[in-house]
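Keep in mind the model is a prediction, meaning the values are calculated, not measured. Numbers restart at 1 for each chain; the letters A, B, ... are given by sequence-line order, proteins then strands.
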There are 2 protein chains.
Amino acid sequence: MTLEVNPSDELSRDPRAARRAANALKTDLRDLRVQLAMLNHRVGAQAELRDIDLDCLDLVSQHEPVGASALAKLAGLHPATLTGVIDRLERGGWIVRERDENDRRAVVLRTQPERNRDIYQLYSGMNGLIDEICADYTPEQLELIAGFLRRTTVAGVHATARLEEEGA
Amino acid sequence: MTLEVNPSDELSRDPRAARRAANALKTDLRDLRVQLAMLNHRVGAQAELRDIDLDCLDLVSQHEPVGASALAKLAGLHPATLTGVIDRLERGGWIVRERDENDRRAVVLRTQPERNRDIYQLYSGMNGLIDEICADYTPEQLELIAGFLRRTTVAGVHATARLEEEGA
DNA sequence: CCATATAATACGGAAACCATATCATATGAC
DNA sequence: GTCATATGATATGGTTTCCGTATTATATGG
């Protein structure tokens, strides 16, 4: 006589279903990445910023106050390239350079909150659509999804660092 | 007398909790986007491809066989810029140009499957880490997450198109 | 057959990228 | 302290990319 199990449990433990689901998810994640890159490209065009500038602006937002060296390392850019990026971002009023008090060689970068609301405005269409999507999930489900996103971001940090040291 | 509800239900229907969860999720999504862009930048560096080239390669993979015009529109690039992108991708052996039989002005782009395994290899670290993350979820949960990712991708397509027509 | 439209590419000037050199400042040895 | 060396950011210049325009080849409609 066979052991009967709950069908839902059965599905949950089928390793083939798990692998299929994981692979499908990786494909979906890749598609999302490309689409978000395209969206960012359009946002950047409206704001007269190159793709890399917008990425750096996001990085400054995340890590401010941040030094130029640290940002170059985060972004994987040559220091001289970053000087150009910072020049453009500062000229456009998106960030400001400040001298580091403790190390007068270094510069510290900060975002200009008012100016960055202009960027937020450009994302408002996307943000509204995401809100509509979120409305179809419970807070618990949203937290499940958000947790996955955060863990994937951490994985990205590690995978990026790994590639960096291999490339060096 | 107040109407008593199931606490879990209560949480699920609290609009403030829902908004908080949605906002947190948007932040997490933005962080993930930046990190995936950084990862891609490193992958591109290893493959001697610019960021935009890698994006176009992804788009070709998604839509092949695809014409140059269609790709330019998808990527939001000037036709002349795309010629340069295609030149580099073809020189590197990532894609091939073919003449369209029905319209001999047009070119059709296809990926080179063998060559693209080299890219897959560069992503293997990240893919392995994602597999580990996925192992902590049931197939049902993974499907919930994947569905969210797909819906968000569609939202991205719409938001991108909206920005495009505004910019024109 | 001709006019016009469309797909892709060639051309050229402007801009960006980045290896290297440079300048200012910091740190450690003595 | 003084000097040698290291480090942070930027200037310089050659190479590459970007993109507006012109060009070539093909399609389509009259």
Side-chain angles (χ1 to χ4, degrees), chain A residues 37-38 40-42 44-57 59-60 63 65-92 94-110 164 167-168, chain B residues 37-38 40-42 44-57 59-60 63 65-92 94-110 164 167-168:
Chain A
M38 295 303 106
N40 252 64
H41 183 72
R42 297 311 208 295
Q46 300 274 332
E48 296 186 9
L49 291 173
R50 344 231 118 252
D51 291 0
I52 194 65
D53 297 356
L54 205 45
D55 287 341
C56 286
L57 182 56
L59 286 171
V60 173
H63 296 94
V66 62
S69 308
L71 182 57
K73 188 160 170 48
L74 282 169
L77 294 175
H78 190 283
T81 302
L82 195 74
T83 296
V85 173
I86 295 173
D87 285 347
R88 287 193 296 273
L89 286 175
E90 192 173 36
R91 219 180 313 130
W94 305 104
I95 64 172
V96 287
R97 275 179 169 101
E98 292 174 8
R99 278 289 151 188
D100 186 329
E101 287 304 317
N102 300 63
D103 183 345
R104 293 162 51 82
R105 293 168 302 179
V107 300
V108 182
L109 307 174
R110 290 178 199 280
E164 189 182 1
Chain B
M38 295 304 105
N40 252 63
H41 184 72
R42 295 313 207 299
Q46 299 274 332
E48 295 186 9
L49 290 173
R50 346 232 117 250
D51 291 0
I52 194 64
D53 297 355
L54 203 45
D55 287 341
C56 286
L57 183 55
L59 286 171
V60 174
H63 296 93
V66 63
S69 308
L71 182 56
K73 188 160 172 50
L74 283 169
L77 295 175
H78 191 283
T81 303
L82 194 75
T83 296
V85 172
I86 296 174
D87 285 347
R88 287 192 295 273
L89 286 176
E90 192 172 37
R91 222 182 310 131
W94 306 104
I95 64 173
V96 287
R97 275 179 170 101
E98 292 174 9
R99 277 289 152 188
D100 186 329
E101 287 304 316
N102 300 63
D103 184 345
R104 292 163 52 81
R105 291 169 304 181
V107 300
V108 182
L109 306 174
R110 289 176 199 281
E164 189 182 0

Can you measure A:Glu48 atom CD to C:dA16 atom P for me and round it to whole angstrom units? 11 Å

Do B:Asp87 and B:Arg97 touch side chain to side chain, with heavy atoms closer than 4.5 Å? yes

So, OP1 or OP2 of D:dC18: does either fall under 4.0 Å of a side-chain N or O from B:Arg88? yes

On DNA chain C, more 5' by nearest nucleotide between A:Ile52 and A:Asp103 is A:Ile52

Quick one: on DNA chain D, does A:Ala106 or B:Asp100 contact a more 5' nucleotide (nearest heavy atom)? A:Ala106

Between P of C:dA10 and NE2 of B:His78, the distance in whole Å: 15 Å

For D:dT10 and A:Thr83 - does any side-chain N or O of the residue sit under 4.0 Å from the phosphate oxygens OP1/OP2? yes

Quick one: label B:Asp53 by what it contacts on the DNA or RNA (base, sugar-phosphate, nothing), any heavy atom closer than 4.0 Å. nothing

Winner on side-chain proximity to B:Arg105, out of C:dA19, D:dG8, C:dA5, is C:dA5

Report yes if at least one side-chain N or O of A:Arg99 is closer than 4.0 Å to OP1 or OP2 of D:dG8; otherwise report no. no

Identify which nucleotide among C:dT25, C:dA19, C:dA10 has an atom closest to any side-chain atom of B:Ala80, counting heavy atoms from C-beta outward. C:dA10

Atom of B:Arg110, atom of B:Pro65 and distance for their closest heavy-atom approach: NH1-CB, 3.6 Å

Taking the side chain of A:Arg50 as heavy atoms from C-beta outward, which of C:dT20, C:dA16, D:dT21 is closest to it? C:dA16

Regarding B:Asn102, tell me which of base, sugar-phosphate or nothing describes its non-hydrogen contacts under 4.0 Å with the strands shown. sugar-phosphate

Does some side-chain heavy atom of A:Val60 sit less than 4.5 Å from a side-chain heavy atom of A:Trp94? no

Just the rounded figure in Å: distance from C1' of D:dC18 to CD1 of B:Ile86. 15 Å

Does A:Arg104 offer a backbone N or O that forms a donor-acceptor pair with the side chain of A:Arg99 under 3.5 Å? yes

Strictly below 4.0 Å: does A:Arg104 bring a side-chain N or O up to OP1 or OP2 of C:dA26? no

